[in-house]
Amino acid sequence: MARHLITSAIPYINGIKHLGNLVGSQLPADLYARYLRARGHEVMFICATDEHGTPAELAAAKAGKPVADYCAEMHEVQARIARGFRLSFDHFGRSSSAENRALTQHFAKRLAEEGLIREVTEKQMYSVADGRFLPDRYIEGTCPNCGYDSARGDQCDNCTKQLDPVDLIEPRSVISGSTDLEMRETKHLFLCQSAMKDKLAAWIDSKTDWPVLTTSIARKWLFDGDGLQDRGITRDLSWGVPAQFDGAPWAGMDGKVFYVWFDAPIEYIAATQEWAAATGGDWARWWRTDKGADDVTYTQFMGKDNVPFHTLSFPATILGSAEPWKLVDYIKSFNYLNYDGGQFSTSRGRGVFMDQALEILPADYWRWWLLSHAPENSDAEFTWENFQTSVNKDLADVLGNFVSRVTKFCRSKFGEALPAGGVTGPREAELMAELETRIRTYEGLMEAMEVRKAAAELRAIWVAGNEYLQAAAPWSTFKTDPETAAAQVRLALNLVRVYAVLSAPFIPDAAAAMLAAMGTEDRSWPEDIGAALAVLPEGHAFTTPDVLFRKIADEEREEWQRRFAGRRD
RNA sequence: GGGCCUGUAGCUCAAUGGUCAGAGCAGGGCGCUCAUAACGCCUUGGUUGGGGGUUCGAGUCCCUCCGGGCCUACCA
């Protein structure tokens, strides 16, 4: 049994995430974590909220709350929703934790000692009215190229030209609207990523089995133009990990904090330390290669927008520290999920957000659809029609109805216990041969994190049960040969347990309901299908479950379609 | 502008350069009656975006054109 460290990109604290965010990192990471646990591996599954940065400060100000309070509240909200989706984190941390503060400062210090930090003095836009420096995109004005009056300081949304805030005509603060802006000198720390370019390139080159999406984005940043650039890792903000601290190898950084993208990935480690503090566990054996982590397999999950930071910046931090930290082994990245012909939009309330999704349907419905349509090779699209037909067909008709027909048939003919007697024949052998092949295929796909294909294979495994029932037709056999019907029904009821075990990574609640109905807590993986189909013995009592998955009606679908078209309350 | 990804059946997607390009859904037909009007079997449906090239052989490799998407370093 191996040890697997799994991290999901950490969601930003500012608001509730939509389904596209969920399917891009947390959900597939959970699928993989659940699968590996089911196979008996030791798993550490880490996620957290990313709490620093300008948007958090502004959201808190808008809510009229101190930023620390705002983050604490939003963390609880996100944690509750994550539980609702059954995301099985071993720890859901906070990047604002004391652990992350200490570790972030530690890494910065180590990098400086290795000569990988340099100080840069530059001029940035300062808003006198807001009393703060503003990131480029928090400045708006008229585009000098096309005249668009709401061009952002970094880029014009209308003509897509890249801009510099000083180019804008009549620049104003997005926050206050104030035009009292000036360029002020400010000093920042830069991470010398360029010095590690060759090392990083060699490392990326060695990852021949990574998704093309991952490596192509990394290569683009490594080799485009002048190559990998040094990156500012501090900001003029108050909310964050202080850049000036006791023992810091620099001075004059008072009032500045580390850039969120510097401290956010470090939180993967810090969150494991938080876990250790809470449980008494040993975090070092997951992260320090000198303390047992050299036999850990580390897999990261993220949307494509996160790839540069995970392939370059964070590895630069890890490698640059010259300390024995565990480096990622595999980066599974995802494209975007679009919503009904356009993008999900937080600001315009377009699309389904995580809290809303759970209000209208149980988690399993969303988990199944999202995972079976995961945007692995290209951007994917959510439509209500597709969601309705997929869920109704796959979950209600193929799996749910299988459980229903088997349990109800047994109850009416034999009672609510596995009937005794009879022997199986070639038909059962045929089924087992097919299951054997398909389960092994399913395992391979899950190990390779081929999410869509694994879902398709799982569905085929469900279908095999219906095919078998149709061919064996115990309702016919029962009339002439009840013993044989008993053996057939016994096998089919055992199949329900096997389906629960195989399906649990995708639909954990339904799987639990199936196991409960079968009166068993035996979650043993079907390594040998013959043995797996004999786990529940003759005479074993079961209960006939309620409908596992209700169907989505046309009227509901139409209502939801209208409700989520835009303008969130 | 540059780079990357993508275009395959009505829809969503598969296919190490190698049988007749396959699945699911939708459509059509038949069967079954245990089941959530569910299930099973059969079946219709394709100039693989257009054009050119390499090859014994191209959905796959090369060139070009057209469409869609993403990234382009101070949102995270």
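Atoms considered below: every heavy atom in the structure, side chains included; atoms not considered: hydrogens, waters and symmetry mates. Here is how names work: the chains are called A, B, and so on, in the same order as the sequence lines, proteins then strands, and each is numbered from 1.
Residues Ala396(A) and Arg459(A) both approach RNA chain B. Their nearest nucleotides, taken by heavy-atom distance, put Arg459(A) toward the 5′ side. Residue order along RNA chain B, read from the 5' end via each residue's closest nucleotide, puts Ser412(A) first among Ser412(A) and Tyr336(A).
Between rU64(B) and rA26(B), the distance separating the two C1' atoms is 37 Å to the nearest Å. For the P atom pair drawn from rC39(B) and rC25(B), the interatomic distance equals 8 Å after rounding to whole Å.
rU54(B) is unpaired under the Watson-Crick or G-U wobble criterion, no partner having all donor-acceptor distances under 3.5 Å. Across all strands shown, rC32(B) remains unpaired; no Watson-Crick or G-U wobble contact has both distances below 3.5 Å. Nucleotide rU60(B) forms no Watson-Crick or G-U wobble pair with any nucleotide shown, as no partner meets the under 3.5 Å limit on both distances. The pairing partner recorded for rC4(B) is rG69(B), the criterion being a Watson-Crick or G-U wobble arrangement whose two distances lie under 3.5 angstrom. Within the shown strands, rC13(B) is the pairing partner of rG22(B) under the Watson-Crick or G-U definition, both distances less than 3.5 Å.
The number of heavy-atom neighbours closer than 6.0 Å to CG of Asp546(A), taken from other residues, nucleotides and ligands shown, is 12 or below.
Using a 4.0 Å cut-off, no side-chain N or O of Arg405(A) falls inside it from OP1 or OP2 of rC34(B). Between Lys453(A) and rA15(B), a side-chain N or O to OP1/OP2 separation shorter than 4.0 Å is present. Here Tyr468(A) does not reach the OP1 or OP2 of rG40(B): none of its side-chain N or O atoms lies under 4.0 Å away. Note on Lys551(A): every side-chain N or O is 4.0 Å or more away from OP1 and OP2 of rA37(B). Phosphate contact (OP1/OP2 of rC13(B), side-chain N/O of Arg452(A), threshold under 4.0 Å): present. The side chain of Gln388(A) contributes no N or O atom lying less than 4.0 Å from OP1 or OP2 of rC25(B). For rC39(B), the OP1/OP2 oxygens have no side-chain nitrogen or oxygen of Lys408(A) closer than 4.0 Å.
At the heavy-atom level, Val403(A) lies nowhere under 4.0 Å from the strands shown. Nucleic acid contact for Gly15(A): none, since no nucleic acid atom lies under 4.0 Å from a heavy atom of the residue. Among the atoms of the strands shown, only primed sugar atoms or phosphate atoms (P, OP1, OP2) are found under 4.0 Å from some heavy atom of Asn377(A). Within 4.0 Å (heavy atoms only), Leu213(A) reaches no atom of the nucleic acid at all. Arg235(A) comes within 4.0 angstrom of the backbone, heavy atoms only, and of no base. Residue contacts shown for Glu457(A) are absent, as no nucleic acid heavy atom lies under 4.0 Å away. Within the 4.0 angstrom heavy-atom criterion, no nucleotide atom of any strand lies near Phe402(A). Base contact: Lys220(A) has a heavy atom under 4.0 Å from a base atom. Base contact: Asn401(A) has a heavy atom under 4.0 Å from a base atom. Residue contacts shown for Val547(A) include a base, since a base heavy atom lies under 4.0 Å away. Using a 4.0 Å heavy-atom distance criterion, Ser390(A) is classed as making no nucleic acid contact.
Comparing rC39(B), rA73(B), rU36(B) by their closest approach to the side chain of Gln229(A) singles out rA73(B). Minimum atom distance to the side chain of Asn386(A) is reached by rU12(B), of the listed rA73(B), rU12(B), rC32(B). Which of rG69(B), rC13(B), rA73(B) sits closest to the side chain of Asp379(A) comes down to rG69(B). Across rG31(B), rC5(B), rU12(B), the shortest atom-to-atom separation from the side chain of Gln470(A) is found for rG31(B). You'll find that the side chain of Lys393(A) is closest to rA26(B), out of rG40(B), rA26(B), rC32(B). Of the candidates rC4(B), rA76(B), rC71(B), the closest approach to any side-chain atom of Thr54(A) belongs to rA76(B). Distances were taken from every side-chain heavy atom of Lys304(A) (C-beta onward) to each of rC70(B), rC75(B), rC39(B); the shortest belongs to rC70(B).
Tyr339(A) and Trp384(A) are linked by a side-chain donor-acceptor pair at a separation below 3.5 angstrom, with hydrogens and angles left out of the test. Side-chain contact of Thr214(A) with Ser333(A): a donor-acceptor pair under 3.5 Å is present, judged by distance alone. Between the side chains of Tyr468(A) and Glu428(A), a donor-acceptor pair is found at a separation under 3.5 Å. Side-chain contact of Asp230(A) with Ser194(A): a donor-acceptor pair under 3.5 Å is present, judged by distance alone.
Between Phe382(A) and Phe387(A), the ring planes lie tilted relative to each other; the angle falls in the 30° to 60° range.
Using a 5.5 Å limit on the distance between ring centres and a 30° limit on the angle between planes, the aromatic ring of Phe409(A) does not count as stacked on the six-membered base ring of rC34(B).
A centroid separation of less than 6.0 Å is found between the aromatic rings of Tyr268(A) and His310(A). A centroid separation of less than 6.0 Å is found between the aromatic rings of Phe402(A) and Tyr499(A).
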